[in-house]
2 protein chains.
Amino acid sequence: MADKVMDRRIARTRGTLQRALSSLILTKGYDAITVDDICETANVGRSTFYSHFTSKDDLKRRGLDEHLRELLADRRRNAPAPGDLKDRHLAFSLPLFEHARDHLDLYRALAGSRGGGVSLGAIRQIVSDLVREEIADNADRNPGDVIPRDVVVTYVVGAYMALLTWWLDGGAKLPPQRMDGMFRQLATEGIMPPDSEER
Amino acid sequence: MADKVMDRRIARTRGTLQRALSSLILTKGYDAITVDDICETANVGRSTFYSHFTSKDDLKRRGLDEHLRELLADRRRNAPAPGDLKDRHLAFSLPLFEHARDHLDLYRALAGSRGGGVSLGAIRQIVSDLVREEIADNADRNPGDVIPRDVVVTYVVGAYMALLTWWLDGGAKLPPQRMDGMFRQLATEGIMPPDSEER
DNA sequence: CCAAAAATGGACAGAATGTCCGAAAAAGGA
DNA sequence: TCCTTTTTCGGACATTCTGTCCATTTTTGG
């Protein structure tokens, strides 16, 4: 962006503060953290903190923005050729699981259950946009009592975020491919096991 | 419980404080509320507040517990005869939507997006128990690469809570029966519209 | 080596928390 | 109704955290 060349001290200070916040979130949960905690962990003066960020929330938000930009850049870079796997639905899932695994501690802080909502909301928003885009087509036809697109989006994104948070909280034991496969199967085929068609 | 007869003043004070909190949550969001706000809204002295509750979170949690007890009592009362609609899956859904509609403002405070997580977690826990119970059977067989029960529970509950929150935030415009129908259809049949079997 | 920029620590006012106490008010039993 | 018990009240208090400001020291990059 506008940060063509940045003073080493600034980069170092901000980076240290971001990392301190992430580690504290995993330690004691976001709500219980004070600005003092962050500064002490980061070995940074409190006045320095306030010369970079206006509050704890500001620090969190800006760190999040940065990494979400990275995520979207990844996505753009690895975008499947349009029309390639065109009929592969919910394509956002695997890249996001992989990105989360590659930045596990950060994601556990941002999207884990200790992260305290704020970040989760931003991530949820991004995922919502991706999903809405994908299922945009098949909504307009069938004016009858079809399920509204907003409902489908809410449903899918809620389920996905829950899986992501669960996976991160448990230390991301299962491989991203497995998580992605299960999610897409549940979303497209429903929760009934294949042999329970018996009634 | 142990509250056989309760001094009128105590009942009145606690009730007023609970109601004050609920209304404030809808007004300014849970995080921004101070104990002073609650006391002023309720016309109760601050020392009185602390003689009943240890903190804002305590007040919220105890109010939540009370109403969750009521919800479970409702559920027990209206429980379908076991074996009656045995094959109707996800039976918890409709009663919970209806209960939420009957106590709309309270639920918007507890489970709406302004409620700030804490209550959502408790509700999610209860719903998780109900869902886990229901899909307990069909898990043990098929030792192969079947989707683990925890994953299915997480998926379903995440989707349900997202729908519930979305519905409440929007003022619960759609009838509970509609919400229930859409949820159960999405959960059992997946998100594909019936006519998109084309590939 | 030097001027500009950043980091530091300490002081400060303001807000909110949680505790304590004496005095006023309300409740409920006799 | 009266009297004792319990609750409520309001104010004072110590503590913690916030956010701002400034004079001083340190680091950076040219």
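Convention: sequence-line order gives letters A, B, ...; per-chain numbering from 1.
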Handout entry: Test side-chain contact (heavy atoms from CB on, under 4.5 Å) applied to Thr54(B) - qualifying residues, sequence neighbours left out
Key = Asp58(B)
Practice task
Could you list the residues that satisfy salt bridge (charged side-chain N to carboxylate O under 4.0 Å, His left out) with Asp102(A), not counting sequence neighbours?
Solution key: none
Fill in the blank from the handout: Gln125(B) meets the side-chain hydrogen bond (donor to acceptor under 3.5 Å, both in side chains) criterion, sequence neighbours left out, with Asp129(B)
Handout entry: Tyr107(A) ring center within less than 6.0 Å of His67(A) ring center
Key = no
Problem - Sequence-distant partners of Leu120(B), side-chain contact (heavy atoms from CB on, under 4.5 Å), two or more places apart - result: Ala111(B), Met161(B), Thr165(B)
Exercise for the section: Output all residues satisfying salt bridge (charged side-chain N to carboxylate O under 4.0 Å, His left out) with Arg124(B), sequence neighbours left out; order by chain, then residue number. Expected result: none
Problem - side-chain contact (heavy atoms from CB on, under 4.5 Å) partners of Pro176(B), counting only residues at least two apart - result: Leu94(B), Phe97(B), Glu98(B), Arg101(B), Trp167(B)
Problem - ILVMFWY clustering at 4.5 Å (side-chain atoms), partners of Leu26(B) - result: none
Handout entry: Span of DNA chain D, from the first to the last nucleotide whose atoms fall under 4.0 Å of chain A heavy atoms
Key = dC17(D) to dG29(D)
Handout entry: Members of residues 34-45 of chain B that approach DNA chain D, where some heavy atom sits under 4.0 Å away
Key = Asn43(B), Val44(B), Gly45(B)
Practice task
Output all residues satisfying side-chain contact (heavy atoms from CB on, under 4.5 Å) with Ser22(A), sequence neighbours left out; order by chain, then residue number.
Solution key: Leu106(A), Ala109(A)
Completion exercise
Note: with side-chain heavy atoms under 4.5 Å as the link, the other cluster members for Val35(A) come out as Leu17(A), Leu21(A), Leu24(A), Ile25(A), Tyr30(A), Ile33(A), Ile38(A), Val44(A), Phe49(A), Tyr50(A), Phe53(A), Leu59(A)
Problem - Under-4.0 Å side-chain N/O to phosphate OP1/OP2 contact, His52(A) with dA6(C) - result: no
Fill in the blank from the handout: Comparing Ile33(A) with Ala11(B), nearest DNA chain D nucleotide closer to 5' gives the residue Ala11(B)
Practice task
Heavy atoms under 4.0 Å is the rule here; annotate nucleotides 19-30 of chain C 5' to 3' with B where the base is hit, S where only the sugar-phosphate is, and - elsewhere.
Solution key: BB----BBSS--
